[in-house]
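Predicted model, so just to flag it, every value in this text is computed and none were measured. What you see below is based on every heavy atom in this structure, not just the backbone, and it leaves out hydrogens, waters and symmetry mates. By convention in this document, chain letters (A, B, ...) are assigned in the order of the sequence lines, proteins followed by strands, and residues within each chain are numbered from 1.
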There are 2 protein chains.
Amino acid sequence: MGTKHRFDTGEARALKTYVKLMRATESVTARAHRQLSSFGLTISQFGVLEALYHLGPMSQSEIGQKILRSSGNMTMVIDNLEKRKLVRRERNRADRRFFIIHLTDDGKKLISSIFPSHAAEIARALDVLTPAEQQTLGRLCKKLGLEARPEA
Amino acid sequence: MGTKHRFDTGEARALKTYVKLMRATESVTARAHRQLSSFGLTISQFGVLEALYHLGPMSQSEIGQKILRSSGNMTMVIDNLEKRKLVRRERNRADRRFFIIHLTDDGKKLISSIFPSHAAEIARALDVLTPAEQQTLGRLCKKLGLEARPEA
DNA sequence: CCATATTAGTTTAATATTAAACTAATTAAT
DNA sequence: ATTAATTAGTTTAATATTAAACTAATATGG
């Protein structure tokens, strides 16, 4: 004997919000992806280069935490960047468990030339929102992102 | 003769908003992923089953458009669902270029049992926001998602 | 000093994802 | 009737992504 399951209004609202969040993100991400692929980069490769560009050399696991990727994935993305001579791994002498990842000169040149275009593309994508709306979106996403993140 | 590139405040604000959007999405998505993997599904597999569950049988390209995936990816995700006997492909007789994808009985059972847990998980993730904030987030994301989507 | 626990990164297996080139089928134009 | 254009889906190659198991190195506790 089953009754027809109805979601309460809280669940229905949350699901609708979630779907809109996913679609918005997918659209902006697809747009960023198209632009970056014209520079021969994937979104994750760009994320690594950008993190190193803005924050300086750091370990693989630190980069993974910053751009929210697993350690196995970081190995492959950094392997590919290393292969293209955009980054280099330097074993830490004090603790040989980890590497410090550095941008190479070529890597610095590439990311510093790409970054302004990327910034402009993101600004164009978000131009549909007013400055106040962008602030509100950012505030709500920050609130959402902090809570949803599982704290290890 | 080079001047140091500074982003105007519009670009800086857009980038900050974008980073927060990506992080929020990543957090909620990671949470949903963990839950779905305990049911043996990936997010894209779930997306296909959910689309068929709520909207009825449809072609592969229609499903791809609804869950924002490429046709090549849809082939593989549906191949895997077919292999597990959760969906079946039926060639359209009127136009043999396309298939109609149906949920199987097992597929219906699985998605109908999972969906309430998924809805509850999403509601928990979004519980950090008030109802009014969820409405606002949804409205802003809808605005963003419509504009950023490239119209073919 | 030795055994155990923890950490950084790698490997494995599976799945996801894209763009581009392709095949098969249908539609449109001549 | 024939050719060209378009559409649905597949295949290819490359890269991304995860969880889990693994190795190597360091830290901790007895």
**Message:** Just N and O in the side chain of A:Arg84: are any of them under 4.0 Å from OP1 or OP2 of D:dT15?
**Reply:** no
**Fill in**
Closest to the side chain of B:Thr75, out of D:dT18, D:dT10, D:dT17, is D:dT10
**Message:** Exactly one of B:Thr104, B:Leu110, B:Leu103 should register a side-chain contact (heavy atoms from CB on, under 4.5 Å) with B:Asp106. Which one does?
**Reply:** B:Thr104
**Asked** How about B:Thr29 and B:Glu26: does a side-chain donor come under 3.5 Å of a side-chain acceptor?
**Response** no
**Prompt:** With respect to the side chain of B:Met76, which nucleotide from D:dG9, C:dA16, C:dA25 is positioned closest?
**Reply:** C:dA16
**Request:** Please determine, for the side chain of B:Arg69, which listed nucleotide (D:dT15, C:dT17, D:dT10) has the closest atom?
**Result:** C:dT17
**Request:** Among C:dG9, D:dT26, D:dT18, find the nucleotide with the atom closest to the side chain of A:Gln60.
**Result:** C:dG9
**Request:** Identify which nucleotide among C:dG9, D:dA25, D:dA8 has an atom closest to any side-chain atom of A:Ser71, counting heavy atoms from C-beta outward.
**Result:** C:dG9
**Asked** From D:dA16, C:dG9, D:dT26, pick the nucleotide closest to the side chain of A:Asp95?
**Response** D:dT26
**Message:** Counting only side-chain heavy atoms from C-beta out, which of D:dT26, D:dT18, D:dA16 sits nearest to B:Glu26?
**Reply:** D:dT18
**Message:** Looking only at the aromatic ring of each residue, does the gap between the centers of B:Phe115 and B:His54 stay below 6.0 angstrom?
**Reply:** yes
**Asked** Taking atom types as modelled, is there a side-chain donor on A:Ser59 or A:Glu62 under 3.5 Å from an acceptor on the other?
**Response** yes
**Item:** Closest listed nucleotide, where the reference is the side chain of A:Gln45 and the choices are C:dA16, C:dT10, D:dT15
**Value:** D:dT15
**Message:** So, OP1 or OP2 of D:dA25: does either fall under 4.0 Å of a side-chain N or O from A:Arg96?
**Reply:** yes
**Prompt:** Which of these nucleotides, D:dA19, D:dA8, C:dA8, is closest to any side-chain atom of A:Ser61?
**Reply:** C:dA8
